[in-house]
Amino acid sequence: MKIQDLLRKDVMLLDLQATEKNAVIEEMIQSLVDHGYVTDFETFKEGILAREALTSTGLGDGIAMPHSKTTTVKEATVLFAKSNKGVDYESLDGQPTDLFFMIAAPEGANDTHLAALAELSQYLMKDGFADKLRQVTSPDQVIELFNQVAEKTQEVNAVASATEDGDFLVAVTACTTGIAHTYMAQEALQKLAAEMGVGIKVETNGASGVGNKLTAEDIKKAKAVIIAADKAVEMDRFDGKPLINRPVADGIRKTEELIHQALSGQAPIYHASHQASASQVSSVGGFYKHLMSGVSQMLPFVIGGGILIALAFLFDQFMGVPKDQLSNLGSYHEVAALLKNIGGAAFGFMLPVLAGFVAFSIAEKPGLAPGFVAGSLAAAGAAFGKIPFASGGEATLSLAGVSSGFLGALVGGFLAGYTVNFLKKALASLPKSLEGIKSILLYPLLGTFLTGFLMLLVNIPMAAINTGLNNFLEGLSGTSAVLMGLVVGGMMAIDMGGPFNKAAYIFGTGTLAATVASGGSVVMASVMAGGMVPPLAVFIATLLFKNKFTEEERNSGLTNIVMGLSFITEGAIPFGAADPMRAIPSFIAGSALAGALVGLAEIKLMAPHGGIFVVALTTNPLLYLVFVLVGAVVSGLLFGYLRKPLK
């Protein structure tokens with residue numbers, strides 16, 4: 001969804017009359033109510049003010065982004081308003097605010113407000129964009145200004161080779177969440193290619209689907225292909241083309257290296273064959289990509305289901321539950337029970353989807369069914385029952401009801417993928433007349449049977465490991481909780497979206513299934529705190545040490561507060577990539593501190609994502625925000641102090 005699709009001309013206010021913060025908020029909300037986008041003035045205002053109470057959404061440089069997500073919003077809307085006088089909005093830089101973007105998101109729009117914040121931030125980072133907004137006099141001019149910037153981006157995307165023999169590349173970017181890395185890599189590739197005089201078209205596999213899709217003509221014309229992705233993308237179309245396959249972070253940090261390698265003529269030729277896929281699986285990069293493919297498909301189920309279950313507990317706590325019914329907390333009241341049932345249904349798909357799409361990444365479509373079965377068996381637990389022996393007697397192997405959990409599903413996904421690839425090789429010699437029956441009958445039948453049988457063996461040791469790990473996590477307290485929080489919090493800042501970051505995040509989400517019933521996961525709380533720190537630290541550093549950052553970096557620092565509060569660690573990547581020796585250690589210090597403090601206080605979190613939007617689902621929201629702020633301040637001060645002044 002483009003930001004232009006959310007900007008409504010009928011609600012825009014190009015001459016705000018209010019002169020103080022509360023009145024400005026009321027004037028904007030009234031416009032939303034008058035035009036039917038918000039149904040309850042007071043409820044929506046409470047949401048806006050609750051968000052403002054945490055920290056002002058006046059980002060500085062005259063820009064504010066108040067936002068709220070409530071059931072009173074009929075459809076996702078962004079209201080643009082402009083004050084010709086300037087308003088004391090309690091902005092973070094203490095200066096008057098004159099540009100306002102009020103984001104109204106429906107309760108169920110988990111991705112809409114994040115996507116809106118991310119895309120809006122990209123526009124506001126453009127040189128001179130905010131100044132042009134200050135000059136508009138009509139809603140049409142506002143939309144036209146956004147369209148002009150979008151068109152310029154499309155021009156860069158377009159198949160734009162000035163001459164027949166000019167260099168032209170195609171690229172695909174994709175990250176697991178499809179919000180930050182995907183578009184940052186796209187922008188980095190386009191910007192550098194333009195500077196080098198190289199034509200490029202970049203396809204994005206983002207949260208809202210495939211954007212700027214490559215055509216057969218684009219691919220045919222391209223000298224080489226760049227894949228900067230952490231999840232599986234459609235690859236067969238690149239058969240026979242020179243292709244570079246790297247993590248999405250390299251598209252942001254090693255952009256020049258990727259483009260030079262693609263133009264050098266030394267890139268390996270990609271062959272869309274099962275043998276090529278099998279060779280890729282054996283590499284560390286292949287393992288990571290298969291893992292991320294499963295995780296990216298799993299996350300919507302974890303996020304949607306986990307938050308609904310958490311809301312069920314929150315509702316019961318708010319409404320009150322008799323002491324003799326505390327065992328039914330989360331399902332005592334009818335509304336809570338409904339939320340828990342819906343969330344549980346979504347959560348129940350977590351492991352099958354994880355295993356299914358790991359297998360799909362390895363073996364393509366034939367791997368789906370065996371992978372889903374492997375994930376289901378991991379969730380249900382192994383149960384062999386009695387096994388007779390030919391010599392008489394029998395043995396009983398039973399672990400019924402003991403789930404092997406996330407680890408079992410992960411192993412099962414790879415097991416299913418490799419099993420199907422083995423079947424492909426084993427059945428390769430069948431007559432061509434039986435080719436059609438392979439995918440319809442043989443792969444699903446044999447693949448599911450073999451994977452299921454092997455999973456029954458795998459489940460026994462994996463269930464024991466999973467049980468031991470859950471018992472360890474449930475017993476975390478004192479020093480062990482501090483150490484765990486310090487490690488996972490610090491990992492979130494090492495590469496800010498790379499393998500270390502994802503490993504910590506996956507570990508955190510993997511602890512949720514076993515801890516939701518007990519109030520949430522300390523590990524998940526530490527992970528999210530650590531991930532929120534780097535972007536917030538960038539904002540603090542650019543605010544307090546202005547003489548050490550360019551104007552462009554200071555503007556980017558403002559958008560990082562939105563990224564940080566939304567738990568989008570990737571916002572700090574440009575700063576980490578530009579000055580890694582000073583930035584990354586600074587970020588790690590603050591993230592590790594925030595994670596350790598969360599562990600020390602044993603704060604639990606029941607949601608796997610959301611940042612400031614789900615802070616109410618922690619066991620101590622206020623203290624949690626304080627710990628995140630402490631970590632951000634420490635990182636910001638360190639980064640700003642270590643940073644060299646501008647020449």
Side-chain angles (χ1 to χ4, degrees), residues 176 227 229-236 239 245 247 270-298 350-382 384 403-430 435 437-466 499 502-503 506 510:
T176 52
I227 304 293
D230 284 343
K231 65 179 183 180
V233 297
E234 185 185 347
M235 295 292 289
D236 287 352
D239 187 34
N245 196 346
Y270 176 76
H271 297 289
S273 66
H274 301 315
Q275 289 76 16
S277 297
S279 66
Q280 291 166 5
V281 169
S282 63
S283 69
V284 174
F287 172 85
Y288 179 71
K289 182 164 290 189
H290 300 323
L291 171 62
M292 289 299 102
S293 294
V295 170
S296 66
Q297 301 295 338
M298 175 194 76
M350 179 179 81
L351 300 184
V353 168
L354 169 67
F357 281 93
V358 167
F360 175 81
S361 179
I362 295 170
E364 300 176 342
K365 188 176 179 180
L368 267 179
F372 270 85
V373 169
S376 296
L377 289 173
F384 273 6
S403 169
S404 59
F406 183 87
L407 296 175
L410 187 60
V411 172
F414 282 95
L415 185 64
Y418 292 140
T419 297
V420 172
N421 273 349
F422 168 78
L423 287 173
K424 289 179 180 180
K425 292 181 179 180
L427 300 175
S429 59
L430 286 179
E435 191 68 30
I437 205 171
K438 287 182 185 178
S439 58
I440 296 173
L441 176 63
L442 298 181
Y443 291 154
L445 175 61
L446 297 177
T448 300
F449 170 73
L450 290 175
T451 301
F453 181 80
L454 293 172
M455 273 302 295
L456 294 176
L457 293 172
V458 168
N459 250 343
I460 294 174
M462 295 308 298
I465 294 172
N466 188 59
K502 290 295 189 292
I506 292 168

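All values derive from a computational prediction rather than experimental measurement.
- The minimum heavy-atom distance linking F357 with Q297 is given by the pair CG-CG, 3.4 Å.
- Using modelled atom types, one side-chain atom of T419 and one backbone atom of L415 make a donor-acceptor pair closer than 3.5 Å.
- Interatomic distance, CG of L377 versus CG of N459, reported as 6.5 Å (0.5 Å rounding).
- In this structure, the side-chain contact (heavy atoms from CB on, under 4.5 Å) partners of P366, at least two apart in sequence or on a different chain, are E364, V420, K424, Y443.
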Atom pairs and distances, donor-acceptor, side-chain atoms in residues 446-454, under 3.5 Å, two or more places apart:
from : atom 1 : to   : atom 2 : distance (Å)
T448 : OG1    : P444 : O      : 2.6
T451 : OG1    : G447 : O      : 2.7

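- Across all their heavy atoms, G367 and P370 have their closest contact at O-CD, 3.5 Å.
- When all heavy atoms are compared, the tightest approach of A409 to A355 is O-CB, 3.4 Å.
- Of all non-hydrogen atoms in N245 and M235, the two that sit nearest each other are ND2-CE, 4.0 Å.
- Taking each heavy atom of M455 and A374 in turn, the nearest pair found is CE-O, 3.5 Å.
- For V411, the side-chain contact (heavy atoms from CB on, under 4.5 Å) criterion is met by V458, M462, not counting sequence neighbours.
- Between A359 and G371 the shortest heavy-atom distance is CB-CA, 3.9 Å.
- To the nearest 0.5 angstrom, F414 atom CZ is 5.0 Å from I362 atom CD1.
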